[in-house]
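Read the structure below first, then the notes.
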Amino acid sequence: MTTGMDRFAALLTGKTPDRVPIVCNLLDQGAKEMGVSLKEYYSRGDLVAEGQLRMREKYGYDTLLGMFYSALEAEALGCRNIIYADDGPPNVGHLVIGSTGDIKKLCLPEDLGDNPRFREMTACIGLLKRESAGRWPVLGVVTASFSLPAMLMGIGPYMDLFLNGDTKLLDHLLTLCSQFCSRQIIALREAGADLIVYVNPVASATFITTSKFRELALPWVIRDLEHPGPAGVIFFNGGGKINPILADLKRHTGLGAFYLNPFDDIAEARSTLGPDALIAGAINDIRLIDWSPPEIDREVERLMQIGKQAGGFIFGTLLMPFSIPESNIRAMMSAAVRYGNYGSEGSCANQN
Amino acid sequence: MEAYLKSLFDTDKATALRIVQEALDNGLTPESVIFDVVVPGMEQMIGGMISDNLVTLSQHFLASQIAEEVTDRLIPLFASAPAIQGTVVIGTSFGDFHGLGKKIVTGCLRARMFKITDLGINVAPERFVEAALETGAEVIGVSSMMVHTATSDRGPKKVRQLLRDQGLEQKIRLIVGGAPYRFHENLYREVGADAWADTAANAPAAIAALVKEVRQ
């Protein structure tokens with residue numbers, strides 16, 4: 001049986017797997033799968049692990065996602081109010097940094113495990129690792145230091161700070177966020193994460209120019225990865241375009257895998273990165289809400305053709321909205337398995 | 001003008017504000033500073049970036065922030081009160097705490113002489129309609145950065161329903177904006193909006209068209 005781990009291992013050693021590995025980022029859907037509210041779901045690592053395992057089994061994709069929700073990181077840094085919805089991810093309802101004075105007061109937790117929710121998440125990763133038994137890579141997710149302040153102080157005030165504000169204050173804030181990010185990467189690996197998804201939307205070309213990326217964001221990517229090391233870390237766009245910053249990331253960070261935005265050009269990314277880096281191409285998963293199965297089929301085929309030609313290719317989604325019908329998830333998976341097949345180049349005993 | 005544009009491209013607020021001050025010191029009227037420098041600067045910058053496919057949110061943010069700050073400071077110095085282009089109530093949809101897009105749009109609208117009531121973030125649909133009636137707004141603008149807050153029954157759909165139930169659809173138009181609409185160009189219709197704007201720079205024209213419909 002060919003497993004997700006086999007497929008990723010093949011890519012990482014420069015070989016061709018039986019088919020393109022598929023990353024399907026279903027998160028909140030796990031609560032529906034388990035028949036509980038999102039609030040209850042995210043209160044227990046065992047529920048999330050079971051939800052993730054069931055969804056992977058149901059749809060047949062190649063990874064297990066050991067993540068709760070992004071706002072958990074703000075919680076670990078002092079956010080006192082998380083807002084739950086019935087049909088979407090929990091939101092930050094209290095800003096840890098309400099004024100510049102709060103930046104000076106910001107403290108990192110002595111031990112990440114002191115936070116009950118973080119403890120549940122690492123327990124979830126441990127369960128996924130155990131149940132996977134080496135068949136499906138377990139993904140851990142961290143927010144990059146350059147993007148984390150958006151959840152702590154709001155994106156507008158943060159943009160104001162990094163574009164126009166006190167550089168010493170900014171440096172202090174990002175130093176703390178970078179330490180937090182590095183510690184998280186290490187903790188998630190210790191819990192059992194095989195791959196770390198490093199989410200950095202504010203550093204993307206959607207948010208800042210390439211010159212500002214070099215000046216403001218890139219040094220912090222380097223700093224975040226300095227201690228834990230970049231092995232097995234995937235740079236995730238977080239919803240923003242990243243092709244314009246790929247060359248700098250490749251040259252300066254040691255990262256070997258990059259998750260593109262649906263509007264990034266896959267062939268251009270390959271040309272920029274050269275033959276060795278892995279590229280994940282994402283489908284526009286918001287359109288999965290109401291595309292018809294034939295439309296989904298055509299879009300998956302298009303992406304797979306470009307991706308297979310580019311090589312070193314992973315098929316992925318962004319963070320799939322709750323309202324995507326199950327039938328459309330199945331249509332996407334069915335097309336991804338069909339069009340992702342490399343034929344005689346790989347053994348294809350079992351495509352699940 | 002060239003130096004002002006460069007400062008916007010470089011997201012260099014201090015230089016942009018210094019150029020505005022120098023223009024005033026050199027005798028340019030407040031009206032001319034806004035309508036001949038700040039507004040066209042913002043629009044040229046964004047127009048140029050769109051054609052180069054290099055638009056960034058930080059450039060939008062800075063251009064609209066400067067436009068709003070300069071406009072607020074200079075309007076009281078106008079020789080005569082400016083003509084209000086329209087009255088708008090704006091906020092993020094219920095359950096949505098992402099205020100950046102709304103803030104950028106607000107800056108663009110203020111610079112274009114729209115009267116804005118900013119209801120903030122996480123706004124209940126009933127509040128949008130109440131505020132529109134209180135202020136005589138012709139347009140309600142709802143910003144959403146997440147799919148579920150754009151499509152939920154407490155988001156723009158409910159605003160539409162309230163307008164319909166209260167017989168206000170001919171008096172008040174509904175426009176939406178935010179990331180989900182950029183990924184899905186027909187979504188605005190599905191949530192019951194009359195229009196959407198893909199960038200903050202396009203919002204004033206889209207809202208002006210809605211105001212015109214209401215006033216006809």
Side-chain angles (χ1 to χ4, degrees), chain A residues 28 38 71 81-95 150-151 154-160 162-165 201-202 204-213 215-216 239-241 243-244 261-263 265 283-291 318-324, chain B residues 7-17 49 52-66 69 92-104 106-107 120-122 144-155 178-187 189-190:
Chain A
D28 305 327
L38 282 163
N81 187 21
I82 296 292
I83 309 289
Y84 288 89
D86 296 329
D87 52 359
N91 251 316
V92 169
H94 154 247
L95 294 175
M151 283 194 288
I155 182 66
Y158 176 48
M159 267 193 185
D160 216 14
F162 74 68
L163 290 174
N164 316 309
V202 185
S204 72
T206 300
F207 274 82
I208 55 175
T209 61
T210 47
S211 63
K212 286 288 177 194
F213 171 77
E215 176 195 338
L216 297 173
K241 292 173 80 169
N243 268 11
N261 179 276
F263 301 123
D265 185 306
I283 193 167
N284 180 348
D285 55 17
I286 291 180
R287 294 310 314 266
L288 290 177
I289 295 169
D290 65 352
W291 263 337
L318 297 178
L319 209 48
M320 294 175 79
F322 192 84
S323 50
I324 298 173
Chain B
S7 69
L8 296 184
F9 271 102
D10 294 341
T11 50
D12 182 351
K13 185 178 179 183
T15 301
L17 291 177
M49 285 194 294
D52 290 332
N53 200 24
L54 286 171
V55 63
T56 71
L57 279 169
S58 62
Q59 286 164 315
H60 275 243
F61 173 74
L62 190 89
S64 76
Q65 189 186 47
I66 292 169
E69 281 182 23
T92 74
S93 51
F94 184 74
D96 203 312
F97 293 77
H98 301 82
L100 180 66
K102 170 183 70 65
K103 190 165 175 53
I104 295 172
T106 300
I121 56 176
N122 185 30
S144 311
M145 287 294 150
M146 303 162 88
V147 172
H148 74 283
T149 59
T151 58
S152 103
D153 291 338
R154 298 277 283 147
Y181 304 103
R182 295 178 64 86
F183 282 82
H184 189 328
E185 65 272 19
N186 290 321
L187 193 61
R189 287 198 186 94
E190 292 175 21

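Just so you know, these numbers use all the heavy atoms, side chains as well, and skip hydrogens, waters and symmetry mates.
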Is a donor on one side and an acceptor on the other found under 3.5 Å between the side chain of N91(A) and the backbone of G95(B)?
-> yes
State, with a plain yes or no, whether a side-chain heavy atom of L163(A) is found less than 4.5 Å away from one of Q65(B).
-> no
Find out whether F61(B) and I155(A) are in side-chain contact, i.e. whether some heavy atom of one side chain is under 4.5 Å from a heavy atom of the other.
-> no
Region of K103(B) in contact with chain A, defined by heavy-atom distances below 4.5 Å = neither
Checking V202(A) against chain B: side chain, backbone, both or neither under 4.5 Å from a heavy atom?
-> neither
Within a strict 4.5 Å, meaning less than it, do heavy atoms of the K212(A) and T56(B) side chains meet?
-> no
From E185(B) CD over to R287(A) CZ, what is the distance, rounded to the nearest 0.5 angstrom?
-> 5.0 Å
Heavy-atom check, side chain of F322(A) versus side chain of T151(B), under 4.5 Å = no
Flag the one option from G88(A), A150(A), G93(A), P262(A) with the top tally of heavy-atom pairs under 4.5 Å to chain B.
-> G88(A)
With side chains defined as the heavy atoms from C-beta onward, is the minimum distance between T209(A) and T11(B) less than 4.5 Å?
-> no
Can you tell me if CG on D86(A) sees more than 12 non-hydrogen neighbours from other groups inside 6.0 Å?
-> no
Hey, are the side chains of M146(B) and P321(A) touching, using non-hydrogen atoms and a 4.5 Å cut-off?
-> no
Could you tell me the separation between the CG atom of D285(A) and the NE2 atom of H184(B), rounded to the nearest 0.5 Å?
-> 11.5 Å
To the nearest 0.5 Å, tell me how far R182(B) CZ sits from T206(A) OG1.
-> 8.0 Å
What residue in P89(A), S211(A), G239(A), S323(A) has the most heavy-atom pairs under 4.5 Å with chain B?
-> P89(A)
Engaged part of L100(B) at the chain A interface, taking heavy atoms whose separation is under 4.5 Å = both
Give the member of D160(A), D28(A), L95(A) that has the highest number of heavy-atom pairs under 4.5 Å with chain B.
-> D160(A)
Among V92(A), D290(A), L319(A), who wins on heavy-atom pairs under 4.5 Å with chain B?
-> D290(A)
Per-residue contact mode, F263(A) against chain B (heavy atom under 4.5 angstrom) = side chain
Is it the side chain or the backbone of D12(B) that comes within 4.5 Å of chain A heavy atoms, both, or neither?
-> neither
N284(A) and F183(B): which non-hydrogen atoms are nearest, and at how many Å?
-> ND2-O, 2.8 Å
Chain B heavy atoms under 4.5 Å from I324(A): which part of the residue, side chain, backbone, both or neither?
-> neither
Proximal component of N261(A), with respect to chain B [non-hydrogen, under 4.5 Å] = side chain
